[in-house]
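All remarks here apply to the structure that follows.
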Amino acid sequence: MEKKELLYEGKAKKVYKTDDEDLLIVSYKDDATALDGLKKGTITGKGAINNRMSNYLMRLLEKNGVHTHFVKELSDRDTVVKKVSIVPLEVIIRNISAGHFAQRYGVKEGIVFAEPTIEFSYKNDDLHDPLLNSYHAIALGLATKEEIELIKNMSFKVNTVLKEYFLSRNVTLVDFKLEFGKTKDGQIILADEISPDTCRFWDAKTGEKLDKDRFRRDMGGVEEAYNEMMRRVFGEEV
Ligand code: ADP
Ligand code: UDP
């Protein structure tokens, strides 16, 4: 399968049409942005790591009954996915306080919640992805009540599967962002990516940050953290 016309170039990926109108090719870049697009940079090797890790995790989720857009890995950076119409919501699941949650509610990072939390942002760069609740999402026509219910259930299932998986790799899954999409026949599936760009990963023993926070917060060791996460997931296969 080959890339045809460029459909969309985002901050971290390019999306191409293919000969099959139901399939797209996503191509992962090394470009990184943070702080609502204000901070820009490059993380060398990130594209290949995020592509391979996201595909691995989507396959793991499929095995556990979560339907995803993953079809086939073409190369280090390119993957065939099912074309969906993206539900314009960023779904964030949190197991431990960090990032905006800690800022917004004035608490320290690292509080382990009794139950995971879920929140939604309206995926809209012009409005800076404002936080909204499920009633707002339904009122704005972003998704139906049934779709929101499904998205919530799927997101918590993803959390259960990934939390356990990462713990087996000596990594604490702190929080993450998911995107969902609707196929031509109306099925809601998991889309976009799951990677150190979209998750917070802490070493389970030392608490060392192994994700994009090292870039956001100018901590150094960004490439090393992405590579270390790759090793934890793929072991000796890298
Ligand atoms: P952004 O748009 O936030 O800059 P990216 O650079 O990651 O993000 O661009 C990838 C774009 O492709 C995102 O807008 C994402 O919602 C969209 N996307 C992800 N998976 C699919 C899919 N299966 N079908 C259609 N669009 C998708
Ligand atoms: N996240 C993301 N894309 C976004 C915003 C957040 O992938 O546009 C992820 C982020 O990596 C983290 C989780 O969602 O794992 C929660 O992020 P938070 O709301 O704390 O915001 P951040 O501090 O990451 O901007």
Side-chain angles (χ1 to χ4, degrees), residues 1-34 37 40-91 121 123-125 129 142-143 147 150-151 154-155 158 161-162 165 176-199 211-212 215 222-223 226-227 229-230 233-234 237-238:
M1 180 149 289
E2 283 174 29
K3 293 178 206 162
K4 299 288 173 189
E5 181 192 332
L6 178 68
L7 199 60
Y8 174 78
E9 173 154 10
K11 296 182 284 283
K13 300 189 283 298
K14 291 182 185 177
V15 182
Y16 295 89
K17 286 189 177 180
T18 67
D19 279 335
D20 185 332
E21 64 170 16
D22 297 330
L23 299 177
L24 300 172
I25 293 176
V26 290
S27 187
Y28 285 72
K29 308 190 286 185
D30 285 352
D31 299 351
T33 63
K40 291 192 174 67
T42 302
I43 302 174
T44 306
K46 169 172 91 75
I49 289 173
N50 287 4
N51 180 46
R52 294 192 53 204
M53 194 183 301
S54 189
N55 292 343
Y56 179 91
L57 296 173
M58 295 249 180
R59 275 191 292 241
L60 176 72
L61 288 167
E62 289 278 358
K63 279 186 211 143
N64 284 276
V66 179
H67 296 298
T68 80
H69 72 167
F70 175 76
V71 177
K72 185 174 194 278
E73 190 168 288
L74 289 181
S75 68
D76 261 11
R77 284 172 192 271
D78 294 352
T79 292
V80 182
V81 299
K82 288 180 196 157
K83 179 181 180 175
V84 293
S85 123
I86 291 285
V87 176
L89 291 173
E90 299 202 334
V91 183
S121 296
K123 199 171 144 60
N124 183 315
D125 282 341
D129 299 341
L142 308 182
E147 286 165 354
L150 197 61
I151 286 172
M154 288 173 78
S155 301
V158 169
V161 173
L162 294 187
Y165 167 75
F176 56 93
K177 182 267 299 178
L178 300 175
E179 291 183 26
F180 292 85
K182 222 166 150 173
T183 60
K184 205 170 57 177
D185 43 20
Q187 192 191 14
I188 295 280
I189 60 175
L190 181 63
D192 206 49
E193 68 176 277
I194 307 174
S195 71
D197 271 17
T198 64
C199 302
D211 57 56
K212 196 172 156 189
F215 170 79
V222 184
E223 276 90 358
Y226 278 70
N227 278 312
M229 277 309 300
M230 195 66 179
V233 169
F234 288 95
E237 290 170 48
V238 178

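Scope of the values below: all heavy atoms of this structure, side chains included, with no hydrogens, waters or symmetry mates.
- Side-chain contact between E62 and H67 is present, with at least one heavy-atom pair separated by less than 4.5 Å.
- Counting heavy atoms from C-beta outward, D31 and K11 have side chains that stay 4.5 Å or more apart.
- Proximity of L89 to F180: side-chain heavy atoms (C-beta onward) are nowhere separated by under 4.5 Å.
- Contact of the K13 side chain with the K29 side chain is not registered, since no non-hydrogen atoms from C-beta on lie closer than 4.5 Å.
- One distance of note links CG of L60 with OH of Y165; it measures 7.0 Å at 0.5 Å rounding.
- Put simply, the side chain of V222 does not reach to within 4.5 Å of the side chain of K46, judged on heavy atoms.
- Annotation for V66 and M154: closest pair CG1-CE, 4.1 Å, computed over non-hydrogen atoms.
- At least one side-chain heavy atom of L61 sits under 4.5 Å from a side-chain heavy atom of L162.
- Applying the salt bridge (charged side-chain N to carboxylate O under 4.0 Å, His left out) rule to pairs touching residues 70-84 yields K3-D78, D30-R77, sequence neighbours excluded.
- Atom NZ of K17 is surrounded by 12 or fewer heavy atoms from other residues, nucleotides or ligands within 6.0 Å.
- Looking at heavy atoms from C-beta onward, I188 lies in side-chain contact with K182 at the 4.5 angstrom threshold.
- Within the 4.5 Å cutoff, no side-chain heavy atoms of T18 are placed close to those of V80.
- Atom CD1 of residue I86 and atom NE2 of residue H69 lie 8.0 Å apart, to the nearest 0.5 angstrom.
- Atom-to-atom distance recorded for L57:CG and T68:OG1 is 10.5 Å, nearest 0.5 angstrom.
- For the residue pair S195 / D197, no side-chain donor-acceptor distance below 3.5 Å is found, with atom types taken as modelled.
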